Structure formats: structure tokens, C-alpha cells
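Naming: A, B, ... by sequence-line order, numbering from 1 per chain. Predicted model, so just to flag it, every value in this text is computed and none were measured.
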There are 2 protein chains.
Amino acid sequence: MDSAADGTERGFRAGLSRTRAAYLALRDRIARGEFRPGERFPGEPTLAVELGVSRVTLRHALDRLEAEGLVERRMGSGTYLSARGGGSPVVADLANVLTHLVDMGRRTSVRLLSFAYVAPSPDIASALQLPEGERVQRSERVRLIDGQPFSYLVTSVPERIGIGWSEDDLAKKPLLELLERAGLVADHARQTITAALAGPDVARELGIEPGSALLALTRTVFDPQGRGIEHLQALYRPDLYSFQMDLVRAGHREGRRWRPVAVEGLKLDDEHPKTAAE
Amino acid sequence: MDSAADGTERGFRAGLSRTRAAYLALRDRIARGEFRPGERFPGEPTLAVELGVSRVTLRHALDRLEAEGLVERRMGSGTYLSARGGGSPVVADLANVLTHLVDMGRRTSVRLLSFAYVAPSPDIASALQLPEGERVQRSERVRLIDGQPFSYLVTSVPERIGIGWSEDDLAKKPLLELLERAGLVADHARQTITAALAGPDVARELGIEPGSALLALTRTVFDPQGRGIEHLQALYRPDLYSFQMDLVRAGHREGRRWRPVAVEGLKLDDEHPKTAAE
DNA sequence: TCAAGCTGTTCTATATTTAGTACAGATATC
DNA sequence: GATATCTGTACTAAATATAGAACAGCTTGA
């Protein structure tokens with residue numbers, strides 16, 4: 001019963017241009033494995049009809065796919081899915097992103113974007129169970145791996161905890177280290193994973209296009225007494241990194257479920273030698 | 001050194017319209033907690049200058065935010081962040097999505113979109129470690145929760161395993177149940193989580209706008225002997241559901257890390273009574 | 001060699017988006 | 001009640017996106 005049914009929903013203001021819609025449609029077909037690396041696409045006239053756009057528009061979409069290296073075009077011959085097709089990127093541990101990357105020998109650095117004491121937004125205040133009126137030390141940072149922007153981090157720490165830290169601390173040390181230096185113990189945490197779209201400012205910091213998809217992770221860290229000591233909102237580039245976890249089937253009969261397992265050694269060269277080679 | 005630095009990158013073909021860029025910028029500022037529920041935004045002329053667009057364009061972006069219920073506009077007064085602001089949606093267990101939802105008493109149903117025996121794409125073939133030439137039973141399904149589209153699933157099962165199943169089976173039974181009915185044991189799995197953009201066709205099936213962000217989960221299931229028995233690509237709507245996990249800090253000294261913990265009881269009414277109420 | 005099919009390029013015409021401006025009507029504040 | 005500020009609306013002009021078509025040049029295969 002939606003208006004999408006008739007298909008003639010053209011011109012919804014904040015929606016997508018036809019070029020971008022065609023671009024996404026192709027990207028999706030590639031991601032779902034419709035073509036194999038090196039395979040030739042249908043011709044431009046055919047594709048244009050399939051996608052319901054003119055050939056000019058289709059070509060703009062293909063221009064973009066080519067610029068991103070997803071396809072290769074050979075004059076007079078056709079458009080081909082590039083060798084590395086939809087191939088997955090480097091994979092990271094879901095829970096210990098930073099530790100994991102350091103283990104891999106990657107150099108990480110941090111750029112501090114902002115640093116201030118502010119009234120927390122309501123969801124952060126309730127996640128940290130802060131009393132009314134208590135402020136937080138809020139910092140926005142970008143973490144770079146081997147010089148490439150990797151994650152956009154917004155951390156909020158109760159004022160009384162963060163008060164001793166300098167901007168220099170935040171630009172150089174991981175937050176967990178600062179917490180433990182302050183005598184606090186990170187005991188347990190609850191994290192939520194979701195997806196979000198990159199706004200223009202975040203996109204600029206991460207070196208991606210606005211409107212790209214991002215992996216969003218929200219984590220609240222508690223001390224042994226269950227008091228909130230840190231709130232983290234992180235945005236990751238899914239084109240460079242994705243999260244991985246192993247599961248084992250545990251339980252009996254009806255209660256049988258998947259149980260997450262800590263990723264021990266991170267077998268990157270295993271089964272996927274190519275990812276390690278590049 | 002990127003072309004994004006000068007800011008005058010207007011008109012990149014498959015990029016975003018200025019209206020959509022403004023829409024995303026506002027959405028981002030809201031998500032990052034810049035405004036609190038009920039708070040008034042800067043006036044339209046001010047916002048237009050801040051975002052670098054004309055007031056007409058800004059209003060189109062606001063129209064959309066209003067249509068999505070994120071903001072409320074009062075004539076002559078201003079634009080206000082709506083009560084439920086950036087509030088998180090229902091939260092689901094990361095590993096046992098389906099089981100978890102059933103536990104919550106939700107009714108799920110499935111729509112089978114396609115069903116065929118095809119040559120697997122290279123990444124699926126290598127994930128399942130299939131011998132050259134072996135085909136897979138590939139099905140595309142949409143799972144609905146309480147009648148609402150929730151996830152888009154593409155499952156691939158080695159031909160020799162799936163050969164006994166009918167389309168009706170796939171439309172009614174969970175795949176794990178079919179596997180175990182066939183005498184196979186799902187022992188362990190490896191899953192990868194990332195983010196993706198919705199293409200027009202997936203968007204139509206899930207009842208969302210093309211270009212929306214989606215949570216993407218890829219899972220390969222193995223039997224006790226380590227042979228691949230199922231490959232799953234799932235896309236979830238992050239506006240309705242997100243994944244949650246608990247972590248505990250384990251290990252000593254330098255080796256201290258976060259260890260994932262199975263979510264036991266799923267405390268939904270805890271701390272967030274509002275989400276349960278709606 | 002030839003013909004068919006493909007991409008690359010250019011052009012015109014139309015539709016849509018965006019900027020800029022002005023003004024009407026509603027609301028809040030003093 | 002006067003006044004400033006705000007949203008709602010309307011209009012014009014310019015920039016951009018899209019459709020449709022034609023043709024040139026390259027590649028492939030019969």
C-alpha cells in the first residue's frame with residue numbers, strides 16, 4: 001500500500017538522483033555475486049533498459065564504479081567486473097579493534113578534533129547513569145591506521161573522571177589506558193552495533209563520500225560496581241575494515257544457540273592468502 | 001591532498017544532491033547528540049548559512065526530517081527535535097537473531113523471492129570450500145516481523161545438501177532446522193559484520209529508501225568436520241533493529257582484552273522502558 | 001575482410017534542482 | 001499591543017540532470 005508500488009515516485013526531494021540510484025543498483029548486483037571477477041556486463045544499451053534510465057545516466061553511474069575500481073571498461077569491448085570484485089577487506093576483531101590492529105603491526109595515530117566539557121545528551125546521560133546536571137568531558141577524534149583515516153570516535157567521560165586529562169593525553173593515549181591510569185577498572189561493557197550514513201563532515205574527516213554506509217558501534221563501559229565510566233560512539237569505514245567473530249553451536253535440544261567465541265589468533269593468511277598479499 | 005579539501009566539489013555525477021547532503025548533515029548532528037529532545041533548532045536562515053545551502057534547499061531537507069518524524073515544525077515558532085530524537089530501536093542478539101526475536105514473542109514470516117540452483121560466486125565457493133564445478137542451491141528471502149520487512153537473506157547451500165528441499169520448505173522453515181533435519185550438524189560458524197547501502201530493489205523489499213544504510217552480516221556455517229554447509233548474506237534494517245552484545249574485561253596485564261559474553265536474558269524494559277512501551 | 005556489437009563523444013530538448021528574493025501569516029517577547 | 005523572529009509560500013533566473021538520438025572509433029568473431 002506504499003507509494004513505492006507504482007514505481008513513478010520520481011522527484012522526492014531529499015531522495016536519490018537517478019544516476020545514484022543506478023549506481024547503487026549496479027553496486028548491489030555486484031555485491032550479491034551476480035557477476036564474477038573478469039566477467040563482462042551486459043552492454044550499456046541493455047543495462048540502461050534494465051535499470052530504466054537513459055544511456056547517458058547509466059554511463060555516469062558506470063563512470064563512478066570505474067573511478068572506485070569496481071569495474072574496468074575496455075573501449076569497443078565492454079565493461080568488466082574488476083579482478084578484486086566484491087572482495088572483502090581486512091577483517092578486525094569485533095571487541096578489541098584497537099588492540100587487534102596493533103597486534104597486526106599497524107601504526108595508529110589520532111587527530112583530536114574537539115575537546116570540551118558539555119552537558120551530555122539524554123541518551124548518554126542515561127547510559128552512564130549520570131545524576132542530573134553532571135557534565136561530561138566530550139572529545140571527538142579520528143583514528144588513522146598507517147596514515148589513513150579509519151574511525152571517527154566521540155567519547156564521553158563523566159567530568160569528575162576526565163578532569164585530570166589534557167588534550168595531549170587524549171591525542172596520544174587510548175582512553176582505556178587513561179582510565180586505568182586514573183585508578184579506575186574497566187570491568188564490563190555493553191555495546192551495540194548498527195549502520196549509519198556518513199554526513200558531509202564525518203565523510204570529510206574519514207576521506208569518503210557523503211552518503212556512504214558506515215559501521216556504527218556504541219559502547220558503554222562500567223566499573224566493577226556497575227557505574228558508567230565511559231561512553232563511546234564510533235564510526236568505521238566498512239570499505240577498509242569489517243568486524244568478524246567466531247561462533248560455536250552450544251546448548252541442547254530447543255535451547256541450542258550460537259555462542260560467540262573470542263577470536264584467538266587472528267588467522268588472516270589462513271584460507272584467504274590474497275587478503276594478506278595485498 | 002584530496003579534491004574534497006577545497007569544498008567546491010559540486011556536481012559530481014553519482015554523488016549527492018545538495019538537499020540530500022543537507023539532510024544527512026542535520027541527521028548526523030542529531031545522531032551525535034547536538035540537540036536534545038524538544039530543543040529548538042537554529043532558525044532556517046541561520047541553518048541555511050551554516051550548511052552552505054539556500055533556504056529553499058534547507059527546507060526540502062527539513063521536510064524530509066519532518067516526514068520521518070525526527071523533527072517537528074511549528075509555524076511562526078521554530079523547528080524542534082522531536083521527543084524520541086535519536087532514540088535507539090529494539091535491540092537484538094547478535095548471534096541468534098531469529099531465536100531471539102521468537103523469544104520476544106514476535107511473529108515472523110518469510111517471503112521467498114527466488115529459488116534456483118546456480119554456480120556460486122567465487123567468494124561463496126571459497127568460503128564453503130566447494131570443489132570446482134559444484135553448484136549451490138541459492139534462495140533469496142525476506143523475513144517479516146509482525147508483518148514488517150526486517151531482513152533480506154541470500155542463502156547458499158551446497159547442491160548435494162539442499163537437493164531434497166522444496167520451495168515450500170524454504171518459505172516456512174528456518175534453514176538451520178532444514179539442515180538438522182537432513183542429518184547435518186551445525187557445529188561452528190564464522191561471521192562478518194559490515195555496513196552497506198540499500199540498492200533500489202533491496203530497498204523496495206525492505207520498505208525503505210534506496211541509499212539507506214543497512215547492517216550486513218555474512219555467516220558461513222560448518223559441520224564438525226569443518227566442511228561448509230551454509231552460506232548466508234543478510235541485510236538488516238538498522239532503523240528497526242540493531243545488534244547488541246555484552247563484554248567483560250578478561251586477561252592479565254598487557255594481554256587484557258574484551259571478551260564477548262552471550263546475552264542471557266534480554267533485558268529490554270531495563271533502563272529503557274520507553275522502547276518497550278512503543 | 002567484413003559485419004555486428006561495443007564504448008566514447010557530441011548534440012538538442014526537456015525536466016528538475018537550487019539560489020535568491022520577497023512577502024504573508026503565525027508566534028513569542030517585551 | 002507593538003515588534004522582532006519565525007515558518008509558510010510564491011516567484012524568477014540560473015545551474016544541473018536526464019532523455020533521446022546520432023555518429024565515430026575500437027574489438028571481436030565469423
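Between A:Y23 atom OH and D:dA17 atom P there is a gap of 16 Å when expressed in whole angstrom units. Spacing between atom CD of A:E44 and atom P of C:dT9 amounts to 11 Å, rounded to whole angstrom units. Straight-line distance from the NE2 atom of A:H60 to the P atom of C:dT9: 12 Å, rounded to whole Å. Atom pair A:R55:CZ and D:dA19:P shows a separation of 13 Å (rounding to whole Å applied). The distance between atom CG of A:L58 and atom C1' of C:dT7, rounded to the nearest whole Å, is 11 Å. In this structure, CG of B:D63 is placed 12 Å from P of D:dT7, rounded to the nearest angstrom.
Between B:R138 and B:E140 there is a salt bridge, since at least one side-chain N of the basic residue sits less than 4.0 Å from a carboxylate O of the acidic one. At a threshold of 4.0 Å, the pair B:R40-B:E72 does not count as salt-bridged, since none of the basic side-chain nitrogens sits closer than that to a carboxylate oxygen. The pair A:D123-B:R36 does not count as a salt bridge, with every side-chain nitrogen at least 4.0 angstrom from each carboxylate oxygen.
The side chain of A:R74 contributes no N or O atom lying less than 4.0 Å from OP1 or OP2 of C:dC6.
Annotation: of the two residues near DNA chain D, A:Y80 and B:E66, the 5′-most nearest-nucleotide partner is B:E66. Both A:V53 and B:F41 sit near DNA chain D, but only B:F41 has its closest nucleotide nearer the 5' end.
At a threshold of 4.0 angstrom between heavy atoms, the contacts of B:R59 include nucleobase atoms, whether or not backbone atoms are also involved.
Here the side chain of B:S77 is nearest to one of C:dT7, D:dT7, C:dA28, namely C:dA28.
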